[in-house]
Q: 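Sharing a structure, written as structure tokens. Questions coming.
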Amino acid sequence: MDRPPKIDRQREHQANERTFLAWLRTSIALIGFGFAIARFGLFLRELQSSVTGQDSPTNSFISSQNIGIGLVVIGIILVALSAWRYNKVLGQIERGDYRPSSLIIWIISAIVMIIGSITIPLLLWRQPEVPSRPSPRSRLETRFLSRFMATKATISHRNRVSWRHRT
């Protein structure tokens with residue numbers, strides 16, 4: 001079989017590289033979203049426990065941490081699949097028998113759709129109402145707040161005195 005002209009092969013290789021980089025960007029985004037979702041869920045649990053004074057249950061299978069970890073794992077797998085796909089297409093371009101395949105597209109789409117579907121209950125699930133009156137503060141919190149307010153008042157006083165001396 002005749003080889004295509006060198007410029008056409010160069011364009012095909014560059015298109016293959018652009019496709020690989022697009023898959024790589026997608027995997028980095030999935031890893032970043034997974035990390036952010038997992039950490040934000042942790043932040044919300046800590047915030048809830050500090051406001052209500054109660055630990056929130058974390059034994060649910062569908063939690064933000066599990067979904068975040070799932071997205072990170074999918075992102076890592078996607079990096080490996082994209083490298084494999086890049087090398088496969090590279091060989092096909094060199095041999096001159098490129099055949100497009102949509103199997104990976106369907107697999108990744110299905111996985112992302114499943115993860116997205118799992119997140120719907122998290123979005124619809126309502127947290128228990130926060131009590132209208134604040135929870136009683138511990139002695140440590142009270143001491144910290146009083147020292148913070150005293151420091152703030154001292155700094156404010158120093159700024160007023162400093163401003164009077166300037167004018």
Side-chain angles (χ1 to χ4, degrees), residues 1-131 134-135 137-138 140-141 144-145 148:
M1 187 188 259
D2 292 327
R3 285 187 168 238
K6 189 173 184 173
I7 192 73
D8 288 342
R9 283 188 43 225
Q10 180 182 357
R11 286 185 184 143
E12 290 173 354
H13 284 298
Q14 289 172 338
N16 189 25
E17 288 177 14
R18 284 190 301 272
T19 303
F20 170 71
L21 292 174
W23 282 99
L24 198 58
R25 282 191 303 272
T26 303
S27 63
I28 291 170
L30 284 173
I31 291 169
F33 287 145
F35 184 80
I37 289 170
R39 290 297 157 202
F40 190 67
L42 177 66
F43 168 73
L44 289 178
R45 277 196 309 274
E46 291 295 320
L47 181 66
Q48 181 181 3
S49 67
S50 68
V51 169
T52 63
Q54 301 171 355
D55 290 334
S56 59
T58 58
N59 56 0
S60 173
F61 176 73
I62 300 177
S63 68
S64 58
Q65 184 161 2
N66 289 343
I67 290 173
I69 290 170
L71 286 174
V72 169
V73 169
I74 289 172
I76 292 169
I77 292 170
L78 190 59
V79 170
L81 284 175
S82 62
W84 173 79
R85 176 76 179 151
Y86 171 79
N87 283 329
K88 181 179 174 185
V89 171
L90 177 73
Q92 289 176 347
I93 290 171
E94 286 298 313
R95 288 188 308 272
D97 65 345
Y98 173 72
R99 298 189 192 280
S101 172
S102 60
L103 180 63
I104 292 177
I105 305 293
W106 284 106
I107 290 172
I108 297 300
S109 298
I111 290 171
V112 171
M113 287 171 50
I114 290 169
I115 294 273
S117 298
I118 290 173
T119 61
I120 291 173
L122 281 178
L123 296 173
L124 297 176
W125 180 55
R126 301 284 183 225
Q127 294 287 336
E129 292 294 320
V130 177
S135 62
R137 291 193 175 111
S138 67
L140 182 63
E141 286 176 311
F144 172 76
L145 286 174
F148 174 74

Q: When rounded to the nearest 0.5 angstrom, what is the spacing between CD in Gln92 and CG in Asn87?
A: 11.5 Å

Q: Any pair with a residue in residues 66-89 that passes ring-ring contact (aromatic ring centres under 6.0 Å, His included), sequence neighbours left out, goes on the list, sorted by first then second residue, please.
A: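 Residue pairs passing ring-ring contact (aromatic ring centres under 6.0 Å, His included), neighbours aside: Phe20-Tyr86.
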
Q: When rounded to the nearest 0.5 angstrom, what distance separates CD1 in Ile69 from CD1 in Ile37?
A: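 CD1 of Ile37 is found 11.5 Å from CD1 of Ile69.
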
Q: Using side chain to side chain contact (heavy atoms under 4.5 Å, CB included) as the criterion, list what pairs up with Ser101, not counting sequence neighbours.
A: Arg85, Leu103

Q: Could you work out, with side chain to side chain contact (heavy atoms under 4.5 Å, CB included) as the rule, every residue matching Ile114, not counting sequence neighbours?
A: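 Side chain to side chain contact (heavy atoms under 4.5 Å, CB included) check on Ile114 returns Ile118.
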
Q: Under the side chain to side chain contact (heavy atoms under 4.5 Å, CB included) test, which residues partner Arg99, sequence neighbours left out?
A: none

Q: Would you name the heavy atoms of Ile31 and Val72 that are closest together and state the gap between them?
A: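 In this case the closest contact between Ile31 and Val72 is O-CG2, 3.6 Å.
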
Q: Mind checking the NE2-CD spacing from His13 to Glu17? Nearest 0.5 Å is all I need.
A: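 Reported to 0.5 Å precision, the distance equals 8.5 Å.
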
Q: Got a sec, which residues hit side chain to side chain contact (heavy atoms under 4.5 Å, CB included) with Leu78, two or more places apart in sequence or on another chain?
A: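 Leu78 satisfies side chain to side chain contact (heavy atoms under 4.5 Å, CB included) with Trp23, Thr26, Ser27, Leu30, Ile108 only.
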
